[in-house]
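Structure, as structure tokens:
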Amino acid sequence: MPNKKIAFITGITGQDGSYLAKLLLQKNYKVFGLVRRSSTYKYFRLKYLNILEKVNFVYGEMTETDFIIDQLKKIRPNVFYNLAAQSFVKYSFDNPKYTNSVNYKSVKSILDYIINSKLKIKFYQASTSEMYGNINCGYQDEKTKFNPNSPYALSKVKIHNLVKKYRNKYKLFFCSGILFNHESPLRGSEFVTKKIISHLVKMKKINSVLELGNIYAVRDWGYAPEYVKAMYSIMQAKIPEDYVVATSNSITVKDFFIRCCKKIGYNPIFKGRGINEKCYDKRTGRLIMRINKKYFRESELYHLKGRPLKIYKDLGFKTKVNVDDLISIMFKEELKLTHFI
Ligand code: NDP
Ligand code: GDR
């Protein structure tokens with residue numbers, strides 16, 4: 001039997017890392033994952049997906065690049081999926097230096113090592129629709145110019161451009177997926193979809209009010225397990241290239257929230273404007289949601305809508321799960337998940 005291919009995943013404890021690990025195990029890869037040590041339990045996603053015992057862990061920080069390079073020398077992976085990042089846009093305004101260090105500087109050192117070592121490692125970079133920023137255009141695709149408006153987006157543009165530059169210069173299999181927002185039951189709790197759904201579920205039992213920021217932001221939300229399949233397809237392409245992954249259907253945070261309210265049996269009505277806008281349940285008069293200034297960002301990104309034609313034409317990849325399916329899946333799993341945390 002031929003030796004198993006070896007995958008190295010950074011960010012394996014995150015949403016995408018855990019789904020990707022599951023997919024690669026199904027594809028018969030031996031999977032190694034970088035984990036930074038902490039005093040709290042963070043393996044719940046891998047446990048939930050029933051793969052905790054099947055992954056080999058390497059304990060270290062993205063910023064410890066010498067350590068990561070030593071691990072690459074030992075493990076000699078065939079594929080490297082770089083999913084680790086300081087991924088919360090709002091926090092990047094508070095700590096731009098750290099964001100740049102994790103998302104750009106450490107990745108650059110790893111790429112420099114791969115180039116100099118002459119190891120044949122295929123490299124996938126987790127690029128993002130945030131790189132587009134606010135542009136006057138109905139949709140974004142691979143040809144759309146980047147206009148980053150957060151430290152997070154800037155760090156991602158820098159590493160995206162470097163991956164492309166190195167690919168062209170050294171003729172290596174370096175590629176990026178420019179992924180639009182994708183969610184799942186395993187989404188981090190501070191991201192808005194998960195925050196809305198887990199709060200609405202809790203509200204059935206406890207008396208609390210959901211607080212949100214800019215509910216007029218428009219996002220193109222997809223389903224994470226489908227998006228890790230896209231990552232895998234991008235890495236199987238004959239020629240390494242960058243691809244947009246999106247659903248092409250965009251709605252506001254408010255619309256997402258309304259759909260969630262209806263799903264759980266509320267009849268939402270809105271009163272007030274701007275930061276005074278509030279949402280009540282029409283039947284009971286209960287206050288469900290209010291706006292809190294603290295959830296706004298220093299610079300808002302208003303509208304994202306992807307055009308994923310290239311990945312469909314070249315690799316035959318198309319998303320199937322729409323936003324209502326996504327909401328149903330997230331609600332269904334929300335209660336089960338509490339057992340794993
Ligand atoms: P998560 O925030 O769920 O996961 C991030 C992962 O990175 C976690 O495993 C985290 O570890 C790890 N990590 C963060 N900082 C470090 C560090 N300094 N050293 C080691 N590990 C670190 O993100 P997602 O899974 O949602 O996203 C995966 C990647 O895709 C990210 O790069 C993100 O920027 C990008 N992306 C995500 C999109 C989305 O909609 N989800 C869209 C486009 C791009 P820990 O568990 O210790 O926190
Ligand atoms: P985003 O995701 O910033 O797009 O980054 P997030 O869910 O945090 O925000 C989406 C939109 O919702 C608005 N919003 C709120 N956001 C949060 N988190 N909390 C709130 O209370 C709230 N109220 C309104 C935000 O302003 C924003 O417009 C995610 C991350 O996964 C990135 O790593 C990834 O690159 C992008 O998606 C694509």
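In listed order, ligands and their atoms are each counted from 1. It should be emphasised that the depicted structure is a prediction, and the values quoted were computed from it without experimental measurement. Side-chain atoms are counted along with the backbone in the values below, which use heavy atoms only and exclude waters and symmetry mates.
Of all the heavy atoms of Phe44, none lies under 4.0 Å from any atom of ligand 1, so neither backbone nor side chain is involved. Contact annotation: for Glu190 versus ligand 2, heavy atoms closer than 4.0 Å belong to the backbone alone. With a heavy-atom cut-off of 4.0 Å, Leu212 touches ligand 2 through backbone and side chain alike. Here Phe296 has no heavy atoms under 4.0 Å from ligand 2, in either its backbone or its side chain. Within the 4.0 Å heavy-atom criterion, both parts of Val192, backbone and side chain, lie near ligand 2. Within the 4.0 Å heavy-atom criterion, the part of Val102 lying near ligand 1 is the side chain and not the backbone.
In this structure, Arg187 has a heavy atom closer than 4.0 Å to ligand 2. For Tyr152, the closest heavy-atom approach to ligand 2 falls below 4.0 Å. Using 4.0 Å as the threshold, Glu300 has a heavy atom nearer than that to some atom of ligand 2.
Looking at ligand 1, you'll find an N or O of Gly14 within less than 3.5 Å of one of its N or O atoms. Polar contact with ligand 1: absent for Gln86 (N/O pair, distance under 3.5 Å). Backbone and side-chain nitrogen or oxygen atoms of Tyr152 are examined, and one is located within less than 3.5 angstrom of a nitrogen or oxygen of ligand 1. For ligand 2, none of its N or O atoms has an N or O atom of Ser129 under 3.5 Å away.
Figure legend: cation-pi geometry between Lys254 and Phe270, with NZ or CZ positioned under 6.0 Å from the six-membered ring centre and within 45° of its axis.
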Verdict with supporting geometry, Leu210 and Ile196, side-chain contact (heavy atoms from CB on, under 4.5 Å): CA-CA 7 Å; Leu210 173 65; Ile196 292 171; 4.1 Å; yes

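Comparing Lys195, Lys90, Arg297 by heavy-atom distance to atom 8 (O) of ligand 2, the nearest is Arg297. Scanning Tyr132, Phe180, Trp221, Phe191 for the heavy atom closest to atom 30 (C) of ligand 2 points to Phe191. Across Gly188, Ala85, Gly306, Ser87, heavy-atom proximity to atom 32 (C) of ligand 2 is greatest for Ser87.
Taking a cutoff of 4.0 Å between a charged side-chain nitrogen and a carboxylate oxygen, Arg273 and Glu277 do not qualify as a salt bridge. A salt bridge is absent between Glu211 and Lys294; no separation between the charged side-chain nitrogens and carboxylate oxygens falls under 4.0 Å. Of the charged side-chain nitrogens involved, none lies within less than 4.0 Å of a carboxylate oxygen, so that Asp141 and Lys310 do not count as a salt-bridged pair.
No path of Ile, Leu, Val, Met, Phe, Trp and Tyr side chains, each step under 4.5 Å between heavy atoms, connects Val218 with Val253, placing them in separate hydrophobic clusters.
Considering only non-hydrogen protein atoms, atom 31 (C) of ligand 1 sits nearest to Leu83 O, 3.1 Å.
For an aromatic pair to be called close, the ring centres must be under 6.0 Å apart, and Tyr91 with Phe93 fails this.
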Less than 3.5 Å apart, which donor and acceptor atoms pair up between the side chains of residues 63-71 and the rest of the protein, not counting sequence neighbours?
unit_1	atom_1	unit_2	atom_2	d
Thr63	OG1	Glu61	OE1	2.8
Glu64	OE2	Glu61	N	2.8

